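A quick note: this is a predicted structure, and the numbers were derived from the prediction, not measured.
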Amino acid sequence: MKYLFEVPDMSCNHCKMTIEKHLKESGLANNFKVDLEQKKVEVETTESIEKIEKLLEEIGYPPILIK
């Protein structure tokens, strides 16, 4: 499944790099795209949406599901 999240607390390149690092290291995402300008994170995964949301929340970037 592909999920699109708004991440309002993402404000700089460091934020973007932190999210990318944790998504990559977690092994939860098959593919992902982090758009700093739009404050959006797209994640393709076979895991549950709750696992992705929990990961983002734990690293300080609570997501809002768009689709």
Inset, instruction - Check whether any side-chain heavy atom of M10 lies under 4.5 Å from a side-chain heavy atom of L36, and answer yes or no. - result: yes
Inset, instruction - Could you check if a side-chain atom of N30 sits within less than 4.5 angstrom of a side-chain atom of T46, using non-hydrogen atoms only? - result: yes
Inset, instruction - Could you tell me whether E20 and K24 make a salt bridge, using a distance below 4.0 angstrom between a side-chain N and a carboxylate O? - result: no
Inset, instruction - Look at E58 together with K54 and state whether they make a salt bridge at an N to O cut-off of under 4.0 Å. - result: yes
Legend entry - Exercise: identify the closest heavy-atom pair between I64 and P8: CD1-CG, 3.7 Å
Legend entry - For S11 against C15, the heavy-atom pair lying closest together: N-SG, 3.4 Å
Looking at [atom1] of [X] and [atom2] of [Y], how far apart are the two atoms once the value is rounded to the nearest 0.5 Å?
{"X": "D35", "Y": "E42", "atom1": "CG", "atom2": "CD", "answer": "10.0 Å"}
{"X": "K67", "Y": "K2", "atom1": "NZ", "atom2": "NZ", "answer": "8.0 Å"}
{"X": "K16", "Y": "K21", "atom1": "NZ", "atom2": "NZ", "answer": "16.0 Å"}

Inset, instruction - Determine, stepwise, if the pair L4 / L65 fulfils side chain to side chain contact (heavy atoms under 4.5 Å, CB included). - result: CA-CA 6 Å; L4 182 61; L65 181 64; over 6 Å; no
Legend entry - Hphob cluster co-occupancy, M17 + L23, side-chain heavy atoms under 4.5 angstrom: no
Inset, instruction - Could you state whether M1 and F5 fall into the same hydrophobic cluster, counting links through intermediate Ile, Leu, Val, Met, Phe, Trp or Tyr residues with side-chain heavy atoms under 4.5 angstrom apart? - result: yes
Legend entry - Residue among V43, L55, L56 satisfying side chain to side chain contact (heavy atoms under 4.5 Å, CB included) with I19: L56
Legend entry - Sole candidate of K40, E57, E6 that passes side chain to side chain contact (heavy atoms under 4.5 Å, CB included) when paired with P63: E57
Legend entry - Derivation and outcome, side chain to side chain contact (heavy atoms under 4.5 Å, CB included), residues F32 and T45: CA-CA 9 Å; F32 60 87; T45 185; over 6 Å; no
